[in-house]
Asker: 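Structure incoming, see below.
Here is the naming used below: chain letters follow the sequence lines, and residue numbers restart at 1 for every chain.
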Amino acid sequence: MAKETDILESVTSSEYKYGFSTDLEMETAPKGLNEDIIKLISHKKGEPEFMLEWRLKAYKKWLDMTEPKWPNVTYPRIDFNDIIYYAAPKQKKKLGSLDELDPAIKNTYDRLGIPLEEQLILAGVAVDAVLDSVSVATTYKTKLAELGIIFCSMSEAVKDHTELVKKYLGSVVPQTDNFYAALNSAVFTDGSFVYIPKGVRCPMELSTYFRINAENTGQFERTLVIADEGSYVSYLEGCTAPMRDENQLHAAVVELIAMKDAEIKYSTVQNWYPGDHEGKGGIYNFVTKRGICSGDNSKISWTQVETGSSITWKYPSVILKGDYSVGEFYSVALTNNRQQADTGTKMIHLGKNTKSRIVSKGISAGKSNNSYRGLVQVNKRAENARNFSQCDSLLMGDKCGAHTFPYFEINNKSAHVEHEATTSKIGEDIMFYCNQRGISEEDAVALIVNGYAKEVLNQLPMEFAVEAQKLLAISLEGSVG
Amino acid sequence: MITLKDLRATVETEEGKKEILKGINLQINAGEVHAIMGPNGSGKSTLASVLTGREGYEVTGGSVEFEGNDLLELEPEERAQHGIFLAFQYPVEIPGVSNTNFLKTAINEIRKSKGMEPMSSVEFLKMMKEKAKLVGLDPSMTSRYVNVGFSGGEKKRNEIFQLAMLNPKFSILDETDSGLDIDALKAVAEGVIKLKTNDNAFLVITHYQRLLNFIVPDFVHVMFDGRIVKSGGKELALHLEENGYDWITDMKETAEA
């Protein structure tokens, strides 16, 4: 009979399903970063002057900044001059409809299970698809426009909704917030833009699908979601990338603004290529996501299912400025093989009677390292702030690591802050117990992990919850002896 | 139903491989209850582990035929799907997975292996209710996570409940009586008695005779140092109760001398 460790190593061979790449005629900028490249990006996108100035300002600040060293991850130095900052599939003319989309691109999205048209009509999901640096298609635009909802690529928003962009871009994540946010501000190439007008409840899920295709390319997308007074929107992003031996950098910025009585639900299913079993290749996922509950009674809820990337460095946060505002963070972060994740959230309580809830479920398998890092900050004037944090870790096998770094800064005595943490392990004994009841290893892992992550998965829109369940099971195939 | 011929097995220890089973011969037919008794370290639990395919044991000789199949060729879950059940001495806790969900998965996996459709939820819930009543399990336990926070007695009763739900052909009860007070023991035993039919068989592994007052065996085997050294009817258990295991040790030493 095979030893636990042998099984562990031999069956961890589940293939990354999205590892293919598409041959497309590409237009790419030369490698490296300087003012000329930024001017080129801005020019290619036909941006107004203010945008270029904004980018250059960010670039100058970035030059003086240093990479953060505090996350619990290790990786070789990144050569920022060895990255291509702009890559776009060549399109002969502006698209009039989806039918005119390059069939190769459409095929790419079909293979990813992201059909851009008919199925989506059935599913009732509006999609913006971003391939490498540019948005290639946005569905349902017209229907949404009837309600006054703007859902388009960031490039279009810069041109067509300049005033909104000018007002809100960088208002939640300032250019100098951190090293990667500054880099993104200088070179971001596309992303999604959403504006929900006063009192409108967005009737469908809005979704962006990010795909890195080209080699040696960094992806720097920028997403801005504005929910005006009394509005509601649920937004979902998904991401995949081809299998490549080199590491690719993904440094995105997402900003959310929820005004008085507005609610934003932002869900992520992150499945960037995680690298191979030895840790070769994979995406560096260095992302800044932050929302502000700017008005009273507003609510922002982050849900993330993180299974991909060789390194994840990500803390979707909420600034609770409005009185009675609510911030939530639901996370499942799974690491296998040599993956490393340092992820969590920040809940900044500024307004009175604000509430936050953190539910973090870490799953570590293989030789991976998984850290939760979270800050709960209650400011002086934040009377009656409430926070509840639950941070659980699940270990599979005995070569992985799980770490929890909770930080609390409480400056108001009326605050109520609760923190609970648990660690459990799926070992040979649990696996054998399941096997003895007729349940195979794979089904047992799926059963246990989905039970463990249920509270978070329940937050996802139905069809994505099912996908996420499968994704968790696939990512862990054979990781327990 | 199941035939063991000269079964030998080793276990991996820090000092290398150690032979624990040194040639076990045993035949169990449908409708029979067999008991295996013996002092600690005689190999009783190892026998249960080897029959169910637990990792860490290596079969070095002999054979096990179960319903016409070479049992030793099958994976642990395949053995379970063929109808082998082990009531664990130390049932594990599975956080996050309800008893209901766990059993539903198990039943449907077993059905799938037989080319059957999954059981409908209505049928499943009806069966759960019936079987919980049969073995005297508080119905609220079914919605709790598998064994999490259960008392020793509740865990053992949950094992018998699972046995009732999965309806195996051949069940091994590994020290099911250990850690139970007399009332809990009686409750567990009553559950087993209700589940006994002419088509299934039980192997009861125990150190003490007291469980056998309730689950009366057709055959009793005494195991010592990896072998079955004596077999007999239920009266053998009573003999062991009165005389302990020393007479076997003595008998063995005399034989070897």
Side-chain angles (χ1 to χ4, degrees), chain A residues 1-8 10-11 332 334 359 361-363 390 392-398 420-458 469 472-473 476 478 480-481, chain B residues 9-12 48-59 72 74-88 90-114 145-148 159 162-163 165-166 168 171-172 174:
Chain A
M1 259 165 275
K3 302 269 298 177
E4 180 180 352
T5 44
D6 297 341
I7 295 178
L8 212 151
S10 67
V11 219
V332 176
L334 182 157
V359 178
K361 305 267 180 179
I363 302 166
Q390 171 84 44
D392 297 332
S393 305
L394 185 67
L395 295 160
M396 301 203 171
D398 51 10
E420 284 178 16
T422 66
T423 302
S424 39
K425 189 175 176 235
I426 302 186
E428 183 271 336
D429 54 342
I430 289 184
M431 282 322 287
F432 179 64
Y433 192 80
C434 292
N435 292 160
Q436 213 301 304
R437 298 301 184 247
I439 304 170
S440 70
E441 197 167 302
E442 276 135 67
D443 292 314
V445 168
L447 181 71
I448 293 163
V449 167
N450 288 325
Y452 170 76
K454 198 161 47 194
E455 196 181 347
V456 174
L457 298 178
N458 282 348
Q469 275 197 12
L472 288 177
L476 281 169
V480 181
Chain B
T10 58
V11 67
E12 197 75 53
S49 295
V50 169
L51 290 179
T52 49
R54 187 164 201 148
E55 274 173 40
Y57 299 89
E58 192 185 340
V59 175
L72 303 174
L74 302 175
E75 292 295 324
E77 63 270 26
E78 293 170 332
R79 299 182 194 196
Q81 289 159 4
H82 275 82
I84 291 200
F85 183 93
L86 172 64
F88 284 70
Y90 305 107
V92 300
E93 302 186 357
I94 312 179
V97 180
S98 70
N99 250 335
T100 307
N101 207 359
F102 180 71
L103 279 168
K104 201 171 180 187
T105 307
I107 284 176
N108 286 334
E109 285 293 305
I110 293 169
R111 288 172 73 101
K112 198 167 97 187
S113 74
K114 294 178 177 150
Y145 294 152
V146 179
N147 294 325
V148 176
E159 292 293 289
Q162 292 184 25
L163 195 163
M165 288 293 287
L166 300 181
S171 303
I172 305 165
D174 187 10

Asker: Relative to chain A, which segment of B:Ile84 carries a heavy atom at a distance below 4.5 Å: side chain, backbone, both, or neither?
Answerer: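 Both the backbone and the side chain of B:Ile84 come within 4.5 Å of chain A.
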
Asker: Name all pairs fulfilling the salt bridge (Lys or Arg N to Asp or Glu O under 4.0 Å) condition that reach into residues 429-438 of chain A, sequence neighbours left out, sorted by first residue then second.
Answerer: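 Output for this query lists A:Arg437-B:Glu159.
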
Asker: State the OG-NZ distance between A:Ser440 and B:Lys112, to the nearest 0.5 angstrom.
Answerer: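 With rounding to 0.5 Å, OG (A:Ser440) is 7.0 Å from NZ (B:Lys112).
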
Asker: What option among B:Asn108, B:Ile107, B:Val97 has the most heavy-atom pairs under 4.5 Å with chain A?
Answerer: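 Highest number of heavy-atom pairs under 4.5 Å: B:Val97.
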
Asker: Should A:Asp392 and B:Pro95 count as side-chain neighbours, where that means a heavy-atom distance under 4.5 Å?
Answerer: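 No, their side chains stay 4.5 Å or more apart.
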
Asker: Checking B:Phe102 against chain A: side chain, backbone, both or neither under 4.5 Å from a heavy atom?
Answerer: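 When you check distances to chain A, atoms from both the backbone and side chain of B:Phe102 fall under 4.5 Å.
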
Asker: Which bit of A:Tyr452 comes within less than 4.5 Å of chain B, counting heavy atoms only: side chain, backbone, both or neither?
Answerer: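 Contact with chain B: backbone only.
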
Asker: Working to the nearest 0.5 Å, report the span between CG of A:Asn435 and CD of B:Glu55.
Answerer: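 It comes to 8.5 Å.
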
Asker: Shortest non-hydrogen contact from B:Gly53 to A:Phe432?
Answerer: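 Residues B:Gly53 and A:Phe432, closest heavy atoms: C-CE1, 3.9 Å.
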
Asker: Quick one: does B:Glu77's side chain have a donor or acceptor within less than 3.5 Å of a partner on A:Ile439's backbone?
Answerer: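 Checked: no pair found.
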
Asker: If I compare all heavy atoms of B:Ala80 with all of A:Gly438, which pair ends up nearest, and what's the gap?
Answerer: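 Taking every non-hydrogen atom into account, CB-N, 3.3 Å.
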
Asker: Select one option (side chain, backbone, both, neither) describing which atoms of B:Pro91 are under 4.5 Å from chain A's heavy atoms.
Answerer: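 Both backbone and side chain.
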
Asker: Taking side chain to side chain donor-acceptor pair (under 3.5 Å) as the cut-off, I'd like each qualifying pair that reaches into residues 95-104 of chain B, sequence neighbours left out, listed once.
Answerer: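 Found B:Asn99-B:Asn158, B:Lys104-B:Ser121.
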
Asker: Which region of B:Glu78, side chain (C-beta onward) or backbone (N, CA, C, O), has a non-hydrogen atom less than 4.5 Å from a non-hydrogen atom of chain A, or is it both or neither?
Answerer: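 B:Glu78 has no heavy atom closer than 4.5 Å to chain A.
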
Asker: Between B:Leu86 and A:Gln436, what is the shortest heavy-atom contact and its length?
Answerer: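 In this case the closest contact between B:Leu86 and A:Gln436 is N-OE1, 2.9 Å.
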
